[in-house]
Amino acid sequence: MRILCVAEKPSIAKAVAEHLSGGRSETRNTRNKYIKNYVFDYDFGGQPWGNCQVTMTSVLGHITAVEFPSEYKDWRHPPPERLFDAPVNTVIADDKKDIAKNIETQARYSQGLCIWTDCDREGEHIGHEIREAARKGNAALTVKRARFSNIERAHILQAARNLIMLDDRQVNAVATRIELDLRVGYALTRFLSNNLKGLGGPLANLVISYGSCQFPTLGFVVDRYFRVKNFKPETFWSIKVKHKKDGIDVNFSWARNRLFDRASVIILYERCLAAKTAVVTKVQEKPTKKWKPLPLTTVELQKMSTRFLRMTGQQAMTAAESLYNKGFISYPRTETDRFDKGMNLRALVQKQGQDNRWGAFAQNLMDGGFQQPRDGRHDDKAHPPIHPITYAAPSAALNENEKKIYEFVVRRFLACCSEDAKGVATDIDIQYGEESFHAHGIIVLERNYLDVYVYEKWTGTAELPKFTLGERFEPREAMMTEGKTAAPSYLTEADLIALMDANGIGTDATMAEHIQKIQDRDYVRTVPRSGRQGGEDDDAENSDEAPAGRGGRGGRGSRGGARGRGGRAAPQARGGVMEFIPTRLGVALIEGFDRMNFETSLGKPFLRKEMELKMKAICDGQTTKQVVLHESISQYRRVYNQSQENLHVLKAVRAHFYHDLLLLLYNIRETDFLFKACRQYIFDNAAG
DNA sequence: GCAAGGTC
């Protein structure tokens, strides 16, 4: 009996062949240079197959693509809206023909097909593509699927003996997404481009694209832009108390933080001064920790790279993929932030012992310092967290970015296998007049993981002098301060990735591409962050400790993320960090779509979420591909028709193209608004 | 010339 096994990528085929054959497989080349066929014998244990001759091979992700028939090639005829119900053909992509042929040929000699694609939705669909390719060679194949979530030997052997069926619901859910993205993306892109091209100017040769991921990504940038632009600074007042004891300066921060009413602060401040002395009301010392990081996911890798390694998300992914292909690190596209308990992490730590930068640290872990990594809450059931596989010496043939990423992956991994940093936190409260003030200090006792994970610091760690409960003293200095709340800052790439992640926009493998796309389309541009202080990027997630050394600062804002001008201790990544600002085109697109339709605001992440929910409903059997396609297409068609109906009005108005664009999009929701906009436009121009 | 998703 012959069985054909097919994995989603060459690395899985190779690893599975190793395990099933016990390292005794024969390797054969195929017409595709990345793909090998591994031939060996294996006993599946009788369900449904027993002792078999196996050929194990792989694809490279999807092998099919969807496309419209050639008569829909022209952008104007037939008109774009016809793409909503035009036929859609599934074809083998040109660069995958050899791969499909290999499967077809191998299937001809086989009685069974076993699919070893990743156990996620896309993997299920790729499994379906493989099944169709194989059936071309042999329609009578018995088809099975292996369920596995990592490539540990025992786990793979277990999977091979417990084969399951391909899940057609998941296949259909993905097929729905594929078809909808194609129809809506093409139709709206052609529509927007066609109609804006006629307006001449800079739009003449531009493609104005719409996509279910690129648009919400743009939406995040525009949203933040307006929050910055519309920000109104507010003046606040506060009271700072300083004291010096045992040669140590102590800053006490006001329990009220700050008030936006000057007169009140003056009164409270004068009461403090009148009291002359302050009394210590609380002295507390307690052990504290700074937690080591979680195992590394793709999203986290990209965020950290843009923050600390001076790379874009896409550069980080390119480098990580290269490191993976050279065998230095594990698969770089993963959502999993917990290591499988069966993994031999110590062996991986040991391989780093020879390095002169972190070798001593690794050695120390081997000598008893090793701790099991923390478990995060995410598991994609397909890949482990990103970790080093083999040691790469500094002299290894890696480019600069690859070296930086490798170093980061190793340091992160060693940090995960290390111990939390430990310290003692001191809290001192004083009563001064009727007001309370607070000082907080931290002494680091054991740096532990911080020694290897150089990207994090436990800063603001000030030692406080000894105070005793009930102690009275006359503060050396008490002053009233004035400050202004600062605007939030524009989005950084790390912020953008975090937003996409939280809203389910794109996947770990595609987020960086969407960010690149909205730049290529000139919807947004990046500029170096100016020296301006303030901002609300989220370093807070790195601080498990209570915020230290706050005393005497303007204080953190609570109003819409506003923050005192004093800012915070500057993190390493200051300078060189880029922020995202929308172009006028980008603003116009989102502004327009936001006003367009409340149920279908294309500029919001809402629709993508809805798609996600519908896919889930298909997987759960609550709805079907046909129903979802029908619903969604009518929804998009309404949006499309509304805009088209008003096009003639738009074209009658000779305006600056950005105004035209706004009008075009504004009017989609309601003609009423269009008239208002036109009137406003004419008024504006009459004035000018 | 258009989408988003795999992967190399």
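Here is the naming used below: chain letters follow the sequence lines, and residue numbers restart at 1 for every chain.
With distances taken from any side-chain atom of D118(A) to the nucleotides dC2(B), dT7(B), dG5(B), the minimum falls on dT7(B). Taking the side chain of T507(A) as heavy atoms from C-beta on, and the options dA3(B), dC8(B), dG6(B), the nearest nucleotide is dG6(B). Checking dA3(B), dG5(B), dC8(B) against every side-chain atom of D181(A), the shortest atom distance belongs to dA3(B). Checked against dG1(B), dC2(B), dA4(B), the side chain of T189(A) finds its nearest nucleotide in dC2(B). With dT7(B), dG6(B), dA3(B) as the candidates, the nucleotide lying closest to the side chain of S209(A) is dA3(B). Of the candidates dA4(B), dT7(B), dG5(B), the closest approach to any side-chain atom of Q214(A) belongs to dA4(B). In the set dG6(B), dA3(B), dC2(B), the nucleotide with an atom closest to the side chain of R190(A) is dC2(B). Checked against dC2(B), dT7(B), dG5(B), the side chain of Y331(A) finds its nearest nucleotide in dT7(B). For N325(A), the side-chain atoms get nearest to dC8(B) when compared with the rest of dC2(B), dC8(B), dA3(B).
Taking atom CG on N195(A) and atom P on dC2(B), their separation rounds to 18 Å, with Å as the unit. Summarising the geometry, the separation between CE on M500(A) and C1' on dG5(B) is reported as 13 Å, rounded to the nearest angstrom. The interatomic distance linking F215(A) (CZ) with dC2(B) (P) rounds to 15 Å, in whole Å. Spacing between atom OH of Y636(A) and atom P of dA3(B) amounts to 14 Å, rounded to whole angstrom units. At whole-Å resolution of the value, CD in E513(A) and P in dC8(B) are 14 Å apart.
Judged purely by distance below 3.5 Å, without hydrogens or angles, the side chains of D380(A) and T336(A) pair a donor atom with an acceptor atom. Side-chain atoms of T105(A) and N102(A) form no donor-acceptor pair, as typed in the model, at a separation below 3.5 Å.
Residues V39(A) and R28(A) are in side-chain contact: their nearest non-hydrogen atoms beyond the backbone lie under 4.5 Å apart.
At a threshold of 4.0 Å, the pair R333(A)-E321(A) counts as salt-bridged, since one of the basic side-chain nitrogens sits closer than that to a carboxylate oxygen.
R608(A) comes within 4.0 angstrom of the backbone, heavy atoms only, and of no base. Residue-level contact check: T117(A) touches neither bases nor backbone, having no heavy atom under 4.0 Å from any strand. Residue G506(A) is in sugar-phosphate contact alone, with no base atom involved, counting any heavy-atom pair closer than 4.0 Å across all strands shown. Within the nucleic acid shown, E8(A) comes within 4.0 Å of sugar-phosphate atoms alone, with no base atom in reach, counting heavy atoms only. Counting any heavy atom pair closer than 4.0 Å across all strands shown, V66(A) reaches a base atom. Counting non-hydrogen atoms under 4.0 angstrom, I178(A) reaches a base of the nucleic acid. R177(A) comes within 4.0 angstrom of a base, heavy atoms only. Nucleic acid contact class of F68(A) (heavy atoms, under 4.0 Å, all strands): none. Within 4.0 Å of P10(A), counting heavy atoms only, lie sugar-phosphate atoms of the nucleic acid but no base atom.
Stacking between Y186(A) and dA3(B) is absent: the aromatic ring centre is not both under 5.5 angstrom from the base six-membered ring centre and within 30 degrees in plane angle.
Partner of E612(A) under the salt bridge (charged side-chain N to carboxylate O under 4.0 Å, His left out) criterion, chosen from K614(A), K616(A), R608(A): R608(A).
Contact check, K517(A) against dA3(B): a side-chain N or O comes under 4.0 Å of OP1 or OP2. Residue H514(A) has no polar side-chain atom (N or O) positioned under 4.0 Å from OP1 or OP2 of dA3(B). Here R333(A) reaches the OP1 or OP2 of dT7(B): one of its side-chain N or O atoms lies under 4.0 Å away. Side-chain N/O atoms of R521(A) include one lying less than 4.0 angstrom from OP1 or OP2 on dA3(B).
With ring centers used as reference points, Y636(A) lies 6.0 Å or more from F84(A).
In this structure, H62(A) and E179(A) both approach DNA chain B, and ranking their closest nucleotides by distance from the 5' end singles out E179(A). The nearest heavy atom of DNA chain B to W75(A) and to D95(A) marks one nucleotide each, and the one closer to the 5' end goes with W75(A).
K9(A) forms a cation-pi arrangement with Y331(A), by the criterion of a distance under 6.0 Å to the ring centre and an angle within 45° of the ring axis.
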